[in-house]
2 protein chains.
Amino acid sequence: MTLSAPVTPDHNRLTTLAASRYRNGQTLSGPWNEALEAILSHRSVRDYRPQAVPADVIDIAVAAAQSAASSSNLQAWSVIAVEDKDIKEKLNAVAGNQRQITQAPLLLVWLADLARPRSIAEEQDGPAEGLDYVESFLLGVIDAALAAQNAVVALESLGFGTCYIGAIRNDPEAVSQALGLPDGVFPVFGLTVGYPDPARPADVKPRLAQAAVVHRNRYDPSAHRALLGDYNQALSTFQAEQSMPRIDWTEQVGKRIGTVAALNGRHVLKGVIRKLGFPLK
Amino acid sequence: MTLSAPVTPDHNRLTTLAASRYRNGQTLSGPWNEALEAILSHRSVRDYRPQAVPADVIDIAVAAAQSAASSSNLQAWSVIAVEDKDIKEKLNAVAGNQRQITQAPLLLVWLADLARPRSIAEEQDGPAEGLDYVESFLLGVIDAALAAQNAVVALESLGFGTCYIGAIRNDPEAVSQALGLPDGVFPVFGLTVGYPDPARPADVKPRLAQAAVVHRNRYDPSAHRALLGDYNQALSTFQAEQSMPRIDWTEQVGKRIGTVAALNGRHVLKGVIRKLGFPLK
C-alpha cells in the first residue's frame, strides 16, 4: 500500500471552482491564490447597487489595464469613464437599453486608439502610413481587449461586478458622436462596473470542456464534437437554476450566427470602421 | 494639528507597484490582494529556464482563459499548446527568430475560431451567414484576447513568465499550415510560457501617465500632450537600467507607425485573413 499525497485545502478550492466552471468532473490541482480565485469565479453582473465606484478604484482599474502587455509598447488604446447619466443613456440606446447599463454607476468604454500615435507622428512631422492597414486596427483592438480584461480581474478581485457590452458595436458612429471621438478611434466594447446587487446574485456560467478548445501541437477539427451533448446538458441545468429560457447551446450558436439579422446592425461595421478613420488597407 | 490616517502596509504595496509602473509619483490606495500583485507587477519575460510547464499548470491557464467573458457565450476561440520543437521553430521562423520562442518550453497560439461555430451550424443543417462579416472576425479576435489575458494573469500569479508574440501575424498563412488550421481560424498571437530565468530578470516597463489614456465622459484629444516629455524621460531611465538602446518613446512610435516597411509584412494581412476563410464582408 502506498500513501496517497495529502490533499490540501488549496487543491480542493481549485477543483470546486472548476466544478462550477465546467460541471463535467474537470479537476484542477496546484496552489490556490487570490488571482486564481478572482479569475475562475468570474460571472457577468447585470444587477448593481446605485453607489458610485470610488475614484481610487478607478485608478487601480486603469493601472491594471495599463499593466497589460501592449504590442511594441504603442499603447494604442484609451478608455472613457462614463458616469454622466445622459451620455450613459445615449450609449444605452445604441446597446438596446440593457438594464445593466442603466443600473451601473460607471460604464467604461474601451477604445482602439490610433489617434494618439498619429498625433505623436504629426508633432514630429513624420508619416503615419502604417496606421492605414488592417494590422494597425487589429493591434489597437487587441491592446484594448488585453487592457480591459486586466481591469476586469482587478475590479472583480476587489468585489466589484462587471459586464462587457459588445452591443455598442451596433452603432459605433452614434457612440463616437456621444463621446466626441476623433478620427482613428474605435469603440471596441463597453464595460459596466459597480457593486453587485446582493439581492440578485449572478452565477458562474459553465463553459465547453477543456478538450473542445485546447489542441496539442496541431488543430484537431473534431475535438469538440463528442463534447457538445454534455455541454448542452450542463448549460440546461444552469438555465433552469437561473430561471432562464431553456435552449441548447448548439441551437443558440446556430441562431446567433445563422443570419445577417442576428448581427443587430453590425453587418455594416466595415463601412463604419472606415468612416471612423481607419482605411483598413 | 490633525492626525493623518494610518498608512497600512497594503496601501504602501500598491503605491510601490504604481511607482514601478509609472515612475511619475502616481499613487494607488485601497486593499492589496494577490490578484493586484500579479497584474501590476507584469513584465514580459524573454529568458526562460528549459523545464517544461507542468500539465496541471496548463489546465489552470486554460480554465482561466475559459473563465473570461465571451460575446454571446459563442466561445469563438481556441488555443494550441505547442511543445513540439520542430513546430515551434517553424513558428519562430515566421516571428523572425526570437530568443524567447527558442527558450520557452511552451508556446500557446491563440486563435479566433469561427470554424467551431460553423461546424455546429452545419451539423444542424443551418446557415452561418453572420460569420462572413467583419463583426464576427472581430468577435473571435476579442474573445481570444480576453481569454489569453486571463491565462497570462493566472500564469504570472503562479510564478511563470510570459511574452506575447504578435509577430506570428507576419505570416499567418505559414502559421496556419504549420498548425493545420481549418478555414475560419486565424492565429491572433502567440504567447511564450515558462519559468523565468533568474539569471536574466525582466523589469516592469513604465507606461504613459494615467491622464494620457483615461478620459472622463468625453474624449480629450489633447490629454496626452503635456505628458509625453516626462514619459520619454521615464522610459529613458528604464532603458539605461536594462542596457537597452536609448530612444525616445515618441520617436519609437513614429518609427513603428511611419512606414509600410515597419509592418514587417503585415501590410498584406487583409488578403491573408480572407484567404484563411474570413470573407470580411
Using non-hydrogen atoms and a 4.5 Å limit, figure out which bit of [X] sits close to chain A: side chain, backbone, both or neither.
{"X": "B/Lys255", "value": "neither"}
{"X": "B/Leu269", "value": "side chain"}
{"X": "B/Arg21", "value": "side chain"}
{"X": "B/Thr162", "value": "neither"}
{"X": "B/Ala18", "value": "neither"}
{"X": "B/Leu228", "value": "side chain"}

Need one label for [X]: side chain, backbone, both or neither, based on atoms under 4.5 Å from any heavy atom in chain B.
{"X": "A/Gln210", "answer": "both"}
{"X": "A/Arg216", "answer": "both"}
{"X": "A/Ala212", "answer": "backbone"}
{"X": "A/Trp77", "answer": "both"}

Relative to chain B, which of [options] shows the most heavy atom pairs under 4.5 Å?
{"options": "A/Ser67, A/Gly271, A/Gly130, A/Gly254", "result": "A/Ser67"}
{"options": "A/Ser157, A/Ser70, A/Ala178", "result": "A/Ser157"}
{"options": "A/Gln252, A/Gln26, A/Glu123", "result": "A/Glu123"}
{"options": "A/Pro221, A/Ser44, A/Ala63", "result": "A/Ala63"}
{"options": "A/Asn33, A/Val134, A/Ile87", "result": "A/Asn33"}
{"options": "A/Ala121, A/Ser71, A/Pro54, A/Ala81", "result": "A/Ala81"}

### Task
Using distance alone, with no hydrogens and no angle criterion, decide if B/Asn232 and B/Thr250 have a side-chain donor and acceptor under 3.5 Å apart.
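Yes, side-chain donor-acceptor contact under 3.5 Å.
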#### Entry: Distance-only side-chain donor-acceptor flag, A/His42 / A/Glu156, under 3.5 Å
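There is such a pair (donor and acceptor under 3.5 Å, judged by atom type) between the side chains of A/His42 and A/Glu156.
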### Task
Any chance you could lay out the side-chain contact (heavy atoms from CB on, under 4.5 Å) test for A/Tyr231 and A/His224, step after step, and finish with the verdict?
CA-CA 10 Å; A/Tyr231 183 55; A/His224 64 279; over 6 Å; no
### Query
Do NZ/NE/NH1/NH2 and the carboxylate oxygens of A/Asp132 and A/Arg118 come within less than 4.0 Å?
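The answer is yes: the pair qualifies as a salt bridge.
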### Message
Looking at chain A, which one of B/Val185, B/Val79, B/Val188 has the largest number of heavy-atom pairs inside 4.5 Å, strictly under?
### Response
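When all of B/Val185, B/Val79, B/Val188 are compared, B/Val79 has the most.
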### Contact winner vs chain A - B/Asn73, B/Val82, B/Ile58, heavy-atom pairs under 4.5 Å
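That would be B/Asn73.
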### Task
Applying side-chain contact (heavy atoms from CB on, under 4.5 Å), run through A/Leu139 and A/Val141 and close with a yes or a no.
CA-CA 5 Å; A/Leu139 183 155; A/Val141 167; over 6 Å; no
